[in-house]
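Here is the structure we will look at.
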Amino acid sequence: MADVRDILDIERANTPEVTRESFLVQKRRNFEKAKGVSKRPEGMHREVFALLYNDNKDAPPLLPTDTALGIGAGYKQAKARLGMKKVRKWEWAPFNNPARTDGAVFHHWRRTTDDQKDYPFAKFNKQLQIPTYTMTEYNTHLRTNVQKWNKAQTDHLFDLAKRFDLRFIVMADRWDRAQHGVKSVEDLKERYYEVVGLLAKAKGQNSDKKSYAFDAEHERKRKDQLKKLFERTTQQVEEEQMLLNELKKIEARKKERERKTQDLQKLISQADQQSDVATNVQSARKYEKKLVKKKLHHQPRPSKVDSVVNAIEIGGSGIKFSDLRGSGVSLRSQKMKLPANIGQRKVKALEQAIQEFKVDPSPPPTEEICNAFNELRSDMVLLCELRTALSTCVYEMESLKHQYEAACPGKTLNIPPSLIPAEPIKEEIIEPGTSASTNA
Amino acid sequence: MSAGNMLYGGDEIGALVFDPGHHSLRVGYAQEDTPKAEIPSVVGVGPSAPDTNMDIETKTDNNITQNNADTRKYYVDTTYVNVPRTQMEIQTYMKDGMIDNWDLFEKVIDYTYAKVIQSDPEYHPVLFSEASWNVRNNREKLTELMFEKYNVPAFYLVKNAVLAAFSSGRATALVVDSGATHTSAVPVHEGYVLSQAVVKSPLGGDYLSMQCRQHLEKQGIDLSPAYKIASKDVVKERDNARFTLRKLPENLTQSWQNYMLKSLLQDFQMNILQVLENPYDERVAAQIPSVHYEFPNGYHQEFGSERFKLAESLFDHAMLGAGQLASTSVGMCDADVRLSLFGSVVVTGGNTLLQGFPERLNRDLQLRAPSNTRLKMISANGSVERRFGAWIGGSILASIGTFQQMWISSQEYEESGKGQVERKCP
Ligand SMILES: Nc1ncnc2c1ncn2[C@@H]1O[C@H](COP(=O)(O)OP(=O)(O)O)[C@@H](O)[C@H]1O
């Protein structure tokens, strides 16, 4: 009365009685069905196999679906099915291991039905072919370096090679130092491969079995270097790290300097191609943005000059006046209007410059005057920026001079006159850059 | 032999695995995941004087063996050793990681077959672990003993460091084993110990016990083990203990009392001591909550920074600190294997269960390893796996199908004698 169908009073199909016949039929059917799906290697336990493969690679059902398989009463069946197969007996049976030379007999559990094959693990008994030599072979071919390797030592080497399957590191460890002196891994390898090569040559063996040439000198050198690498003290490592850092700094500074000269160059050439710039600003902007980003990555020492130069760059020197093409009828005086995207600072500087040079701030807008006035103002902005840059450079030069003099008292730094500006700069035109790095 | 076994490479042949240590002998069947028994590696030796009470016990228990020539009585395993008996001396059969007193050791083996294995030795091949610095003489003696006295069908000896590495699934590893009497660093390369680069120090669990004892005695804390106490009252923290003494047999030997005291100290050390991840610093230690411990006589108190100070002695030694030990060992190996050794450092042995031991070792080793090496510590999480690392490795090895050709069989022993153990068990 526990079933939901009982509660809802739904008639329940009779569970077919499990008879031997129905069983076998169903079992065969199940077996056939299962055949296509499962590729479980024989003997692997189901639990282990389930870790590797799902029966039908589906996601597991959310609800138990024993009955959904169409078998009927699932649990009952499963239970009954277990007993149907005949029990295969295990026995504690003796076995012979062909990998052993002594014919010793051990016991293990085995199914009585399994046939008495060879011990299955014997086939893993692989042995390396270590060449052997006779006394005469040794005397005729192998006496190459008698001071370094005598017969006894060579014998010991080949014995170890056989015992440790050419694990040279272990062989060097077990090398009988008391009797045969100290030998390194490289010594052992060198001699071994020498002997193998000589034997192969002497026996005129088929040449497809290549004997390996061992470059002992190279190996020794390599290992020496490796050892040195391992045996550095912390101080040495730190020193190296410090030197590397210094090198990086120097290189970064060098790059900075190069970049600065380039920037200056660019500014100068920009002054020449003012008109060009006006058309190219768009693309130049993009480039500058990139530049700024790059700059952020290596900034070994912020310099004011740098920031000023940069500010000029970002600002895009000069002014781009909008041409009013295509926007319908308009007054020509509109052409002289400063574009909206100019910074407040620039506008102010421009006003001051116009005052300073005593230019009419709003000349009659004839075609010619419009163009000339616009160009003039663009140049003025550039001029202001260059002035700022100059003053920053001078300031920095002064401060470096002071630093130098403070560091080496008693000396004065002579600045070549070509670097000193001819006339004092009018500071009041633009307050030196107010960008973030100014106060650094 | 079923195909299933073939898949996993296992084939169990009823072998036994013995892992003798200074603290205990671990013994059990290969292919099981823990030893059947852990028997203390000490034996109680009592006088032959006929004590009526005791005699009855003796006759019924065959773990108490009596030789005809030697009339002394031997008590093996915890339940017999821990009983206070008149004039029973406690002796260990181990010395320097190797079996030293063979008579006592035989008593323990006898007991093992009779009480633990409960089967005859001639049915079970035997795999023994040994210290990496075991000497030829000892190895041959053990081989001889097992074949001649116990008639085992086959025998094999493996270095315990190799087994510990196997139990972590490594054939190449630096095995740092901290047991009762010593801590050792042993490089294992492709299943072989690099014997020239084995380094060990006498700083182990017993050394810590000694430190604890000195410290506690200096504090004036009474270290009466539980066997002395008949009853105790509940007292406030740090108040004097109120307890009554038990009536004990006379003439308890000093060695037995020391042994019982050591058990108490080991319990203290397991529960209280902890290693800091960085070298001991009073300020850091003071911030960690203290731990409460109650002694058998009822006295109890909180332990603060001394928990760390005591444990620090395993690491702060310039030459013998565990980190230094490990890096020295690696430094003595061929340059080509150093990276792979640093790449798998297996931590095993009961003493490494000390809280924070693996973390501190990791930190100390990282400092000493070349700066860009990949250091990997492998330490089993379970206390059983850590304490029985070597035994578990032996259990795995002895039940691998391809290993079954390695045994020295009794036939081979008859033919070539004990000398072959040097060759066959490298
Ligand atoms: N949980 C634990 N915490 C701290 N130390 C422990 C713990 N369990 C065992 N020990 C210590 O480990 C030591 C025994 O380690 P073990 O590896 O069994 O030694 P051995 O190999 O020499 O027999 C003892 O000194 C014991 O105090």
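Keep in mind that this is a model prediction, so the values were computed, not measured. In the text below, chain A, chain B and the rest are named by the order of the sequence lines, each starting its count at 1. Excluded from the calculations below are hydrogen atoms, water molecules and symmetry mates; all remaining heavy atoms, backbone and side chain alike, are included.
Both the backbone and the side chain of B/Q404 come within less than 4.5 Å of a heavy atom of chain A. Only the side chain of B/D334 comes within contact range of chain A, with at least one heavy atom under 4.5 Å from a heavy atom of that chain. With a threshold of 4.5 angstrom between heavy atoms, A/F106 approaches chain B through side-chain atoms but not through N, CA, C or O. Heavy-atom distances place both the backbone and the side chain of A/R163 under 4.5 Å from chain B. Of the atoms belonging to A/V237, it is side-chain heavy atoms, and not backbone ones, that fall under 4.5 Å from chain B. Within the 4.5 angstrom heavy-atom criterion, atoms from both the backbone and the side chain of B/V193 approach chain A. The part of A/N97 that comes within reach of chain B is its side chain, from C-beta onward, which places non-hydrogen atoms under 4.5 angstrom from that chain. Within the 4.5 angstrom heavy-atom criterion, atoms from both the backbone and the side chain of B/R423 approach chain A.
The pair B/D336-A/K227 fails the salt-bridge criterion, with no side-chain N (NZ, NE, NH1 or NH2) lying under 4.0 Å from an Asp/Glu carboxylate O. Ion pairing between B/E422 and A/R174 fails under the 4.0 Å rule for side-chain N and carboxylate O.
Taking a 6.0 Å sphere around CG of A/N245, one finds it holds more than 12 heavy atoms contributed by other residues, nucleotides or ligands. Within a 6.0 Å sphere centred on NZ of A/K162, heavy atoms belonging to other residues, nucleotides or ligands number 12 at most. More than 12 heavy atoms of other residues, nucleotides or ligands shown are found within 6.0 angstrom of NZ on B/K149.
Contact check for B/Q196 versus A/R177: side-chain heavy atoms found under the 4.5 Å cut-off. A/W109 places none of its side-chain heavy atoms less than 4.5 Å from the side chain of B/D11. A heavy-atom distance below 4.5 Å is found between the side chains of A/I169 and B/L194. Residues A/F121 and B/I400 form no side-chain contact, since every pair of their non-hydrogen atoms from C-beta on lies 4.5 Å or further apart.
Aromatic ring pairs are classed by plane angle as parallel below 30°, tilted from 30° to 60° and perpendicular above 60°; the pair A/F164 and B/Y192 is perpendicular.
By number of non-hydrogen pairs under 4.5 angstrom with chain B, the leading residue of A/K223, A/H107, A/Q241 is A/K223. Most heavy-atom pairs under 4.5 Å with chain B: of the set A/N125, A/L229, A/T101, A/D224, this distinction falls to A/N125.
With values rounded to the nearest 0.5 angstrom, A/R100 atom CZ is found 8.0 Å from B/Q405 atom CD. Here the CG-CD distance, from A/D102 to B/E415, works out to 7.5 Å after rounding to the nearest 0.5 Å.
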(request) Evaluate the side-chain contact (heavy atoms from CB on, under 4.5 Å) criterion for residues A/F230 and B/V330: first the C-alpha distance (whole Å), next the side-chain angles of each, then the deciding distance (0.1 Å), finally the verdict. (result) CA-CA 10 Å; A/F230 274 121; B/V330 175; over 6 Å; no

